[in-house]
Q: 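Have a look at this one before I ask anything.
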Amino acid sequence: MGNSSQAALAAHALAKRLSGHHIIDGRFVPAISGTTFPVINPATGKEIGCAANGSAEDVDLAVTVASKAQAAWAQTSARARGKALNECARRLAEHAEEIAQLLALETGKAIRTESRGEANLVGECFSFYGGLTSELKGETVPFDPKMLTLTQREPIGVVAAIIPWNAPLMLMALKIAPAIAAGNTVVIKSAEEAPLAVLRVIEIVNEVLPAGVANILSGDGPGCGAPLVAHPKVRKVTFTGSVDTGKYIAQAAAEKLIPVTLELGGKSPMIVMGDADLDKAVEGAVSGMRFTRQGQSCTAASRMFVHESIIDVFVEKVKAKVNAMKMGDPLDESTDIGTIISRAQFDRVHSYIQLGELVPGAQSHHLSNVPSDPAFKDGLFVQPVMFTGISNDHQLSREEIFGPVTCVIAFKDYEDVIQQANDSDFALAATIWTNNMKLAMDATQRLQAGLVQVNQNIVVQPGLSYGGLKQSGLGKEASLEAMLEHFTHKKTIIINLA
Ligand code: NAI
Ligand code: MG
């Protein structure tokens, strides 16, 4: 038996062992209702295990436990909390490969190009915030010489973290590491489609953290997520997902007057000027569109504005690159592109592709090949599609597709392309590709986005503030600022010296 099939067997065994559990107060527990829902391998359509089906009763138990644990955790010194996070990071790094295999199994994200990197980022995120706990400091304020005036950062309390399926490990870590570092406790609600790899991460951090600091529930949005947001002891919600759910959460949080951080969708522009280094831009298009992840990314470069003088050769070069990529078994090291997450998303992506095919004058380029191996005949593989001849005001250019579908739009004029790039309901990320540095700098000032990159397209990194404007959300993640501004409140203290 090869190493990769051994790894697959181990991932299946791990999925079975984790099945049907929440982690509350440091222990595996089933849902109080005793019910579960299936977890499906999207590459085969087969069930690999199940998840506890959480409801309001489980939410109440988990939040009550988290609330009790919070007082003691906040009293633990900042340095000691930081050490604990670093120890979590060490153990997460030790187990990164097994977590990556499980992620590939339950989400269909290819092991070499996607799942392994994401699993490694979890530990990095814990060590990043573990090193920042001494930065949870306040100031002295020159208010009145007779009054010693200072500020102090305090944790908020119990934080609810509601996460999606597209990068569940990374997006969970970006939320819970800063929250826990700052002295809060957390109750996580995992995504229905990807509950297991995140559960394994929480099992590992519970070997280090006091019981009740990191709790995790699985369940659906209305049945488990909504009561979590509404629970009176939850004092902050941090969410990544769809715009509609984000708005619903913001409204529910407004009822309790608690803060929210929202990381919602995107429709990110990539501008390729006529003088750009074409091969670099082509590489950037392939990685920026996250073809290896079937385009299931909020920062996907799904609007490519390419100067008319180079658009034909650009399209041919991107086509050649993506055609050379192998779509197939997510657990196979030679696979570049895995699957779509679920049948619902698969149908949704196809409905957008059909819509594009109907646009008069549009051309579709279907790339790479779905696997021919009969073992994957029920797999949710979609051939990436590049559309040309679809304008920026068409539905396909305006709505987040969350699949491997990109519109390549020709432009003539720099002023016009900046205007088109900004003409979107979203404003998460943007890139510009050019050797004219004066123009590049001008674009960095004028593009509306939380993250603007010139001649590169790297993904979220611990240390770099990440978050969008408009319908892309509220607040920042991944940075020191994210911990200070989103997981603490500042108390002002005045001591009369007179
Ligand atoms: P969703 O927003 O419904 O789900 C995200 C999380 O929110 C899941 O854990 C879900 O259980 C939870 N949730 C759903 N309804 C809730 C409620 N009423 N109260 C509390 N929690 C609730 O997103 P979904 O349905 O998985 O995907 C739909 C679309 O959303 C995608 O096609 C994509 O366009 C977008 N999306 C964007 C993401 C991003 O990274 N910004 C991530 C996932 C989806
Ligand atoms: Mg939904």
Side-chain angles (χ1 to χ4, degrees), residues 37 42 51-56 59 107 109 118 160-172 174-175 187-195 198-199 216-231 234 237-256 260-268 290 293-300 302 340-352 380 382 395-396 398-405 425-429 450-451 459-460 466-475 477-478:
F37 58 92
N53 187 20
S55 63
V59 165
T107 63
K109 288 173 42 154
E118 187 183 335
I162 299 182
I163 56 174
W165 42 263
N166 61 317
L169 295 173
M170 176 184 80
L171 297 170
M172 177 175 76
L174 290 177
K175 291 171 169 44
V187 178
I188 301 143
K189 208 292 281 172
S190 58
E192 296 88 311
E193 299 82 354
V198 289
L199 188 65
I216 183 164
L217 306 172
S218 44
D220 66 23
C224 188
L228 178 60
V229 174
H231 196 289
V234 165
V237 183
T238 170
F239 170 78
T240 299
S242 65
V243 176
D244 287 348
T245 303
K247 286 180 180 170
Y248 169 83
I249 286 175
Q251 278 169 13
E255 283 299 318
K256 301 195 311 191
V260 289
T261 308
L262 303 174
E263 203 271 274
L264 310 177
K267 195 77 191 175
S268 298
R290 312 273 187 272
R293 203 197 287 175
Q294 285 276 8
Q296 300 171 114
S297 163
C298 39
T299 49
S302 50
I340 297 279
I341 186 75
S342 65
R343 180 63 59 181
Q345 288 296 119
F346 184 83
D347 292 344
R348 194 183 131 109
V349 170
H350 275 295
S351 73
Y352 277 107
L380 303 174
V382 176
Q395 194 181 346
L396 240 66
R398 304 210 70 84
E399 293 177 6
E400 181 174 57
I401 299 173
F402 231 65
V405 182
D425 295 334
F426 297 102
L428 188 56
L451 173 65
V459 295
V460 185
Y466 175 70
L469 307 159
K470 300 188 198 169
Q471 304 277 301
S472 293
L474 289 175
E477 298 196 290

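Excluded from the calculations below are hydrogen atoms, water molecules and symmetry mates; all remaining heavy atoms, backbone and side chain alike, are included. Both ligands and their constituent atoms are indexed starting at 1 by order of listing.
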Q: Given A344, G473, A226, G246, which one has a non-hydrogen atom that is nearest to atom 19 (N) of ligand 1?
A: A226

Q: Using ring-ring contact (aromatic ring centres under 6.0 Å, His included) as the criterion, list what pairs up with F346, not counting sequence neighbours.
A: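 For F346, the residues satisfying ring-ring contact (aromatic ring centres under 6.0 Å, His included) (neighbours in sequence not counted) are H350.
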
Q: State the atoms of ligand 1, each with its element, that fall below the 4.0 Å cut-off from a heavy-atom position in P164.
A: 42 (C), 43 (C)

Q: Does ligand 1 have an atom that lies less than 4.0 angstrom from a heavy atom of G403?
A: no

Q: Looking at T238, V198, L174, I216, which one forms a side chain to side chain contact (heavy atoms under 4.5 Å, CB included) with I163?
A: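 With I163 as partner, T238, V198, L174, I216 yield a single side chain to side chain contact (heavy atoms under 4.5 Å, CB included), made by V198.
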
Q: For ligand 1, is there an N or O atom under 3.5 Å from any N or O atom of Y248?
A: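 The answer is no, given that Y248 and ligand 1 share no N or O pair closer than 3.5 Å.
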
Q: For ligand 1, which part of I163 has a heavy atom less than 4.0 Å away: the side chain, the backbone, both, or neither?
A: backbone

Q: Using salt bridge (charged side-chain N to carboxylate O under 4.0 Å, His left out) as the criterion, list what pairs up with R398, not counting sequence neighbours.
A: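 Testing R398 for salt bridge (charged side-chain N to carboxylate O under 4.0 Å, His left out), a comparison that skips the adjacent residues, returns D423.
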
Q: Between ligand 1 and Q296, can you find any atom pair, the residue atom being a heavy atom, that is separated by under 4.0 Å?
A: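 No, Q296 has no heavy atom closer than 4.0 Å to ligand 1.
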
Q: Consider only side-chain N and O atoms of T240 and K175, and report whether a donor and an acceptor are under 3.5 Å apart.
A: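 Per modelled atom types, T240 and K175 side chains form a pair under 3.5 Å.
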
Q: Atom 3 (O) of ligand 1: protein heavy atom closer than 4.0 Å?
A: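 There is a protein heavy atom less than 4.0 Å from atom 3 (O) of ligand 1.
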
Q: In ligand 1, which numbered atoms sit nearer than 4.0 Å to a non-hydrogen atom of L264?
A: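 Checking each atom against L264, I get 41 (N).
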
Q: List every atom of ligand 1 that sits less than 4.0 Å from any heavy atom of E400, numbering the atoms from 1 in the order shown and giving each element.
A: 33 (C), 34 (O), 35 (C), 37 (C)

Q: If hydrogens are left out, which of E192, E193, R348 has an atom nearest to atom 10 (C) of ligand 1, that is, the closest non-hydrogen atom?
A: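 Checking each option, the heavy atom nearest atom 10 (C) of ligand 1 is found in E192.
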
Q: Evaluate the criterion salt bridge (Lys or Arg N to Asp or Glu O under 4.0 Å) for residue pair K267 and E399; output intermediate values, then yes/no.
A: CA-CA 7 Å; K267 195 77 191 175; E399 293 177 6; over 6 Å; no

Q: If every non-hydrogen atom of Y466 is compared with every non-hydrogen atom of C298, which pair is closest and at what distance?
A: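 For Y466 and C298, the tightest heavy-atom pair comes out as OH-SG, 3.5 Å.
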
Q: List every atom of ligand 1 that sits less than 4.0 Å from any heavy atom of I162, numbering the atoms from 1 in the order shown and giving each element.
A: 6 (C), 7 (O), 9 (O), 12 (C), 20 (C), 21 (N)

Q: For atom 25 (O) of ligand 1, is the nearest protein heavy atom under 4.0 Å away?
A: no

Q: Just by distance, with hydrogens left out, do Q471 and K247 show a side-chain donor and acceptor under 3.5 Å apart?
A: yes

Q: Which bit of A167 gets closer than 4.0 Å to ligand 1, counting heavy atoms only: side chain, backbone, both or neither?
A: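 Neither part.
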
Q: As an exercise, identify every atom of ligand 1 less than 4.0 angstrom from a heavy atom of E263.
A: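 Within the 4.0 Å cut-off of E263, ligand 1 contributes 41 (N).
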
Q: Could you list the atoms of ligand 1 found under 4.0 angstrom from a heavy atom of K189?
A: 8 (C), 9 (O), 10 (C), 11 (O)

